[in-house]
Amino acid sequence: MLRPVVRPTTLNLLEQLTPSLVSRARSFSQPAENLKRNGTPTSSITTRGPRKAKGPLVDPDLREQILAASQSRRFLPSASLTKFNTALAQITEATKAHDLLGALKLWQALEDHLRTLKNSDVRRLPDSHVRDLHKIFVSNGLTALRTRDGKALEKTARDFALQAAKHHSAEAVSVLMVLYIQVENPNAALDFYNECIQVLGPLQPPASLIEESKDANANSSLPKGSDFGLALPEEVVSPDHFDPGRVSAVLAGVAAHAMLDNFKSAFDLYHSAGISASSFRRQHFLQYFSQNPKMEKKVRLYIDRVIVASIVARPISFSKHIANLADLQTIHKLQSFYNHVLDGIFGPEPYLAASPSLLSSSPNLLAALDESCWTALQTGFIKCDRVELAAKVWDDLARAQIKPGVAMWTGLLDSHARRRNSAQAVQTWEMMLGEGIQPDHLSYRALIQALMDDGQMEAGLKMFKEYQQTIGGRELEELGRPVYNTMIHGFLRRNQIEYAAHLLEDMRKHGPKPDLITYNTFFGYYGRQKDFKALSGVLNQMSESNITGDVVTFSTILSALLTVGRKDAPSTVMNLMRKHGIQPNVATYTAIIDAQMRECGEPNLNAALALLVKMEKEDGIKPNEVTYTAILAGLYRGEWISRQKADLVRSKLVQRMRAERVSFSLTTYHILMRAALDSADEQGHIDALDLLREMEDAHVPRVTSTWFILLAGLMRRDKWDAAHEVVGKMINSGHLPSRSLQLMMKDVFANYRAGRVVQQMH
DNA sequence: ATAGGGTTAG
């Protein structure tokens, strides 16, 4: 008996553990690799007997399994074997020559031959060949298959695209669909799409990659269980792998409906696929229409609208999407997304409803924004300091004749609290009441935080009492606790330990029961006070209540120990955390890195930089702007290394922050500006001005310190023209200069004028 | 949602 055998040595031990490799071996992937190198069949499909697994290579159980698998393999007669190997070599050759039609013909012949054999179902073209052939299918298909010879191969092309979709990528499917669309037969594209779904099952990514869909809009007009209902055979897609080619196929389906002017069907097809096309995939797909701008325009319009509608139709993913984009680097994307949404509501062809109740007002409306969507937009804009955009959300709500609910108002209150603007918060509160909105726990919490953090303790206390007497019942544990915790935090910020301790006692006796956050707040306070006796007292209370610490607890205690110079703190606390099974996070590492930098020595700098690498490499924790800022600040704290060395490390770190797209905070900008202006580099002030421009572009607010750092530095360098320009920018930004800034401005004007006079004399 | 890590006081 002749049997194909796979050389055991070519199989990596680890890979032997994965079932997919056994099936690959069955499909002759191994000899295919050799063919690729040599161009001719090799001896790796041999006529030798069954291989013997070598002794210590695998454990006995596993070896049994492998043997069993190899013996259950179907065998090819030697004539077929030769034929098979020759065909492989020919396909490889045609593929290399980018001869798509030739390769498809050979592939068809091979398939026909294999089909005549018994049990042929387990045999097919090796994956590496499928991949290579698929590649030229995608790059040449649109032109090659349009020719007369190509048209003759339509059926073969369809079969291959399907097989490739099953085992590698559905991109070829989308190419064929695009071809049908381009020859103005969109219905053929949709037929093929449906045929693919019959075979492949839903074109969905594995559950782990899609958002929870339980939030599906209650008013959604989506048909339940559309034609994506077929289960997927296990071996077709491994659960952790998702083929981006499937996104292209879905987009091709949308494009086909676009050609039929059927927006509703385009949406249904896209939405029920459960995918989310990235802008990269969208761009990639649209390239198929680069020769036909008119078609491209229409397809782009459909795809954009369908993507927006599909996100709106799932409020939770809507909020997540917004939160992801609410970042200085991506705010422009959030803005453009919002503009798309507005166009969907107010544009000439509305397809979105501004509220669920309006959804039924027109059959063209596919999805509705609910209050959480509007709130998410507001929160996102506020997070990026784009107050004017947050205000626009309110205007747009008014335009849609929707009255903002309590969550919208609370978003405003939160933003005032974050800016410690209690006056604005109180004003907002009164407007809210004026609108007849009933405040809830969250809005009371935000108002109290705004008051307490802005030094309005009396008023904060008053509101807290009002809260307790109105909706803040003691029994409302989960709802009321954040309000109480905010109150405690407010007291402790102002070092009002008696009030805080009193409230804690009250909570222990009457509820809401203190929780981990309550205790962490106290840890923070006692840590700042360097009162370790009191700190261990809280620790005892906590364990009495059976509450265990978390990363925040340990990080807080760690930085307390570090500020009192306990060098052993990092190792001790980290070991303790490990013992408790608590993973350190960015804050933990940042605390240690900061402490190293405060030592002001070259070895400490090296230790800090080593930690920066270690946290990411070993623990997979990405440093953030606080981490980098801690190092940058340390570089310029005192004169413990040369300016040149400090500047070198700074530029490397800045480079890395940019590469990693770490956002720069106000603090980061201040430190970098100061460093640039203090640098020995003649051009340092140019760097500082560039940073100012960057802040403007990113809408990072410029505060008194910003202008002070810039003006003081430029004046020190005698750069009066630049200083004059900065003063102009300050005035234009609407900043009201403090007394000391006004004095500096005077100085700048005088020297600038003097400089002009001198220039004119020459 | 509320707690922890980075600037400096002009």
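The chains referred to below are lettered A, B, ... by the order of the sequence lines, with proteins before strands, and numbering in each begins at 1.
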(request) To the nearest Å, give me how far apart OH (A:Y628) and P (B:dT7) are. (result) 18 Å
(request) Determine: side-chain N/O of A:H489 to OP1/OP2 of B:dA3, distance under 4.0 Å, yes or no. (result) yes
(request) For the side chain of A:N520, starting at C-beta, report the closest nucleotide among B:dA3, B:dG4, B:dG10. (result) B:dA3
(request) For A:T668, report the nucleic acid contact type (base, sugar-phosphate, nothing); a contact means any heavy atom under 4.0 Å. (result) base
(message) Tell me if the side-chain of A:T629 makes a donor-acceptor pair with the base of B:dG6, cut-off 3.5 Å, by modelled atom types.
(response) yes
(message) Nearest to the side chain of A:Q449, heavy atoms from C-beta on, is which of B:dT2, B:dT7, B:dG6?
(response) B:dT2
(request) Describe the nucleic acid contact of A:S705 in one word from base, sugar-phosphate, nothing, applying a heavy-atom distance below 4.0 Å. (result) base
(request) Describe the nucleic acid contact of A:S555 in one word from base, sugar-phosphate, nothing, applying a heavy-atom distance below 4.0 Å. (result) base
(request) Among the candidates B:dG6, B:dT8, B:dG4, find the nucleotide nearest to the side-chain atoms of A:R674. (result) B:dT8
(message) Which residue in the set A:R420, A:E458, A:M463, A:K462 passes side chain to side chain contact (heavy atoms under 4.5 Å, CB included) when paired with A:L451?
(response) A:M463
(request) Apply the test side-chain hydrogen bond (donor to acceptor under 3.5 Å, both in side chains) to residues A:R418 and A:Q449: give CA-CA distance (whole Å), side-chain angles for both, the deciding distance (0.1 Å), then the verdict. (result) CA-CA 9 Å; A:R418 212 168 315 130; A:Q449 183 180 34; over 6 Å; no
(message) Aromatic contact between A:F464 and A:Y444, with the criterion being ring centroids under 6.0 Å apart: yes or no?
(response) no
Could you list the donor-acceptor pairs under 3.5 angstrom formed between side-chain atoms of residues 600-612 of chain A and any protein atom two or more places apart in sequence or on another chain?
unit_1, atom_1, unit_2, atom_2, d
A:E602, OE1, A:K645, NZ, 3.1
A:N604, ND2, A:Q596, OE1, 3.0
A:N606, ND2, A:E602, O, 3.4

(message) Please list, in numerical order, the residues of residues 566-586 of chain A that have a heavy atom closer than 4.0 Å to any atom of DNA chain B.
(response) A:N585, A:V586
(message) Just so I know, are the side chains of A:F318 and A:I322 near enough to count as touching, which here means a heavy-atom distance under 4.5 Å?
(response) yes
(request) Spell out, as yes or no, whether a donor-acceptor pair under 3.5 Å connects the side chain of A:S679 to the backbone of A:D681. (result) yes
(request) Without swapping roles, check the side chain of A:E371 against the backbone of A:P404 for a donor-acceptor pair under 3.5 Å. (result) no
(request) Kindly indicate whether the side chain of A:T548, heavy atoms from C-beta on, has any atom under 4.5 Å from the side chain of A:H580. (result) no
(message) Using a 4.0 Å cut-off on heavy atoms, which residues in residues 410-427 of chain A reach DNA chain B? List them by number, or say none.
(response) none
(message) In this structure, how many angstroms lie between the P atom of B:dA3 and the CG atom of A:N485, rounded?
(response) 9 Å
(message) Between the base of B:dG5 and the side chain of A:N624, is there a donor and acceptor pair under 3.5 angstrom?
(response) yes
(message) In this structure, how many angstroms lie between the C1' atom of B:dG5 and the CG atom of A:D550, rounded?
(response) 14 Å
(request) Please report the C-alpha distance between A:Y628 and A:F664 in whole Å, then the side-chain angles of each, then the deciding distance to 0.1 Å, and finally whether the ring-ring contact (aromatic ring centres under 6.0 Å, His included) criterion is met. (result) CA-CA 9 Å; A:Y628 285 107; A:F664 290 31; 8.9 Å; no
(request) Rounded to the nearest angstrom, tell me the gap between atom CG in A:L710 and atom C1' in B:dG10. (result) 14 Å
(message) Rounding to an integer number of Å, can you tell me how far A:M730 CE sits from B:dG10 C1'?
(response) 14 Å
(message) Can you tell me which nucleotide in B:dA3, B:dG10, B:dG6 comes closest to the side chain of A:V626?
(response) B:dG6
(message) OP1 or OP2 of B:dT7 versus the side-chain N and O atoms of A:R598: is any pair under 4.0 Å?
(response) yes
(message) Without decimals, in angstroms, what is the distance between A:H670 NE2 and B:dG10 C1'?
(response) 13 Å
(request) Go through B:dG4, B:dG10, B:dT2 for me and flag the one nearest to the A:P482 side chain. (result) B:dT2
(request) In sequence, state the C-alpha distance, the side-chain angles, and the governing distance for A:W409 and A:W394, and then conclude on ring-ring contact (aromatic ring centres under 6.0 Å, His included). (result) CA-CA 10 Å; A:W409 288 97; A:W394 283 70; 4.8 Å; yes
(request) Using only side-chain N and O atoms of A:R637, determine if any of them is under 4.0 Å from OP1 or OP2 of B:dT7. (result) yes
(request) Report the distance from atom CG of A:L612 to atom C1' of B:dG6, rounded to the nearest whole Å. (result) 13 Å
(message) Rounded to whole Å, how long is the line connecting atom CG of A:L504 with atom C1' of B:dT2?
(response) 15 Å
(request) For residues A:R508 and A:K513, determine if any side-chain heavy atom of one lies less than 4.5 Å from a side-chain heavy atom of the other. (result) no
(message) Students often get this wrong, so: under 4.0 angstrom with heavy atoms, is A:T521 touching a base, only sugar-phosphate, or nothing?
(response) sugar-phosphate
